[in-house]
Novice: 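Dropping a structure here in C-alpha cells format, bear with me for questions.
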2 protein chains.
Amino acid sequence: MRETKKERLEKKGWKIGTAEQFLGLSPEESAYIEMKLRLSENLHHRRKRRRLTQVQLAKLIKSSQSRVAKMERGDPAVSIDLLIRSHLALGASNRDLAEVISSSRDSSSH
Amino acid sequence: MRETKKERLEKKGWKIGTAEQFLGLSPEESAYIEMKLRLSENLHHRRKRRRLTQVQLAKLIKSSQSRVAKMERGDPAVSIDLLIRSHLALGASNRDLAEVISSSRDSSSH
DNA sequence: TGACATTATGTCAAATATGGCATATCTTAA
DNA sequence: TTAAGATATGCCATATTTGACATAATGTCA
C-alpha cells in the first residue's frame, strides 16, 4: 500500500528517492504534496463540470494547454499559486478552496 | 477607502498602477491578493504565539530571516507555496489553513 | 478502419521566486 | 542616552516556475 502510493507519486514525477526517504517524508511534506494533489483533482472536476476543454481553460487563465494538463496530472513542477489562480478563474469561492484544502490528509494527525 | 487600500497595497510593493487599473482589478485577482495577505497575517500571529523570532522560524523552514520578514509583510514576491509550507512547519493543520483561506474576502460575492 | 478532437509529455528561454547577505530601522531595557 | 535584539529593506546569483511550442498518446465517432 505504501509501496503503491510511492509508485503512484513517482510516476507523476515526484522525486521521492528511496523507500526509506519516502517513509521518512515529514508530515508537513506529505501534507503539502497531498494538498497539491487534491487541488489537481478538484481542478479537473471543475473544468469538466463547466464542460471546458483544457485549451479553453488555458485561454481563460492565459496559460497553455500543456500547463493545464500538468496541473491536472499533479505535476510537481506546478505551483499552488497557479492551481489556486486557476480555481478562482473557474469561479471557485474561497470557501470552495477551503474545502478542498481541509479535505486533504492532515499533517497534524500524524 | 478604496484609495486608502490602494495605498496600503502599493506600499507593500504590489504593482497596481493607476487607480483605474486598481478599480479594474478582477475579482479573482483581488481574491488572490487578499488570500496572500491573510496568510501573511496569520503566519505572523502563529509565530508570535509560539514565541519564535523570525530567525528561529527561518531556521525551522530552512529559509532566511529576510524571507520570513517579507512573508509576514505580504511582499508580493512571495509565493503562496512558501506561505503554506511555513504554516505547516508551524504546526498548522489543513483545517487551520482552510479557515484562513475561507476567511479572506470572497471573489464570488463580487 | 481513419479523421479529428482532446489530453499527455518533453523541451526551452524568459519570468519569477528563492536563500543568503549586508545594512537600515525599529524595540526594548538599562 | 546607549546597547542589544528583533525586524525591515535592498540586492544578487541561483533555482524554480512559467507560457509556448512540438509532438505523442488517447479518446470519439463515423
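These numbers come from a predicted model, not from an experiment. So you know, we letter chains A, B, ... as the sequences are listed, proteins then strands, and number each from 1.
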Novice: How many angstroms lie between CG in B/Leu39 and NE2 in B/His44, if you round to the nearest 0.5 Å?
Specialist: 14.5 Å
Novice: If I take atom CG in residue A/Leu57 and atom P in nucleotide D/dA20, what distance separates them, rounded to the nearest angstrom?
Specialist: 13 Å
Novice: Among residues at least two apart in sequence or on other chains, which ones pass side chain to side chain contact (heavy atoms under 4.5 Å, CB included) with A/Ala69?
Specialist: A/Gln54, A/Gln65
Novice: Mind calculating the distance between CD1 (B/Ile61) and P (C/dT18) to the nearest angstrom?
Specialist: 10 Å
Novice: Over how many whole Å does the gap from B/Gln56 atom CD to D/dG5 atom P extend?
Specialist: 13 Å
Novice: Would you say that B/Leu97 contacts B/Val100 through its side chain, given a criterion of any heavy-atom pair below 4.5 Å between the two side chains?
Specialist: no
Novice: Return the nearest nucleotide to the side chain of A/Ala69; candidates are D/dA8, C/dA8, C/dG19.
Specialist: C/dA8
Novice: Under the rule for side chain to side chain donor-acceptor pair (under 3.5 Å), what residues qualify as partners of B/Ser66, not counting sequence neighbours?
Specialist: B/Ser64
Novice: Can you list the residues that meet the salt bridge (Lys or Arg N to Asp or Glu O under 4.0 Å) rule with B/Arg46, with sequence neighbours excluded?
Specialist: B/Asp96
Novice: Check whether any side-chain N or O of A/Glu41 sits under 3.5 Å from a backbone N or O of A/Arg38 as a donor-acceptor pair, and report yes or no.
Specialist: no
Novice: What pairs of residues pass the salt bridge (Lys or Arg N to Asp or Glu O under 4.0 Å) test when at least one of them lies in residues 51-70 of chain B, not counting sequence neighbours?
Specialist: none
Novice: Rounded to the nearest Å, what distance is computed from the CG atom of residue B/Asp75 to the C1' atom of nucleotide C/dA17?
Specialist: 10 Å
Novice: I'd like to know if the side chain of A/Lys36 and the backbone of A/Val78 have a donor-acceptor N/O pair within less than 3.5 Å.
Specialist: yes
Novice: For a quick check, with a 4.0 angstrom heavy-atom cut-off, what is the B/S/- contact string for nucleotides 24-30 of chain D, read 5' to 3'?
Specialist: -------
Novice: List the residues meeting side chain to side chain donor-acceptor pair (under 3.5 Å) with A/Arg47, not counting sequence neighbours, and say none if there are none.
Specialist: A/Glu72
Novice: Can you measure from OG (B/Ser86) to CD (A/Glu28) and round to the nearest 0.5 angstrom?
Specialist: 11.0 Å
Novice: Kindly give the heavy-atom pair with the smallest separation between A/Ala89 and A/Leu60, and that separation in Å.
Specialist: O-CD2, 3.9 Å
Novice: Check side chain to side chain donor-acceptor pair (under 3.5 Å) between A/Ser40 and all other residues, then give those that pass, not counting sequence neighbours.
Specialist: none
Novice: Indicate for each nucleotide in nucleotides 21-30 of chain C, in 5' to 3' sequence, whether protein heavy atoms under 4.0 Å reach the base (B), only the sugar-phosphate (S), or nothing (-).
Specialist: B---------
Novice: Roughly how far apart are B/Asn94 CG and A/Tyr32 OH, rounded to 0.5 Å?
Specialist: 13.0 Å
Novice: To the nearest 10 degrees, how far apart in direction are the end axes of the helix from C/dT1-D/dA30 to C/dA30-D/dT1, each fit to five base pairs?
Specialist: 50°
Novice: Between the main-chain N or O of B/Ile80 and the side-chain N or O of A/Asp81, is there a donor-acceptor pair closer than 3.5 Å?
Specialist: yes
Novice: Contacts to DNA chain C from residues 47-55 of chain A, heavy-atom cutoff under 4.0 Å, which residues?
Specialist: A/Arg47, A/Lys48, A/Thr53, A/Gln54
Novice: Between B/Ile61 and B/Arg85, is any pair of side-chain heavy atoms under 4.5 Å apart?
Specialist: no
Novice: What residues in residues 78-87 of chain B put a non-hydrogen atom under 4.0 Å from any atom of DNA chain D?
Specialist: none
Novice: Please report, rounded to the nearest Å, how far the C1' atom of C/dT18 is from the CE atom of B/Met71.
Specialist: 11 Å
Novice: Round to a whole Å and report the spacing from NE2 of A/His44 to P of C/dT7.
Specialist: 8 Å
Novice: Just how far is it from atom CG of A/Leu83 to atom CG of A/Asn42, taken to the nearest 0.5 Å?
Specialist: 10.0 Å
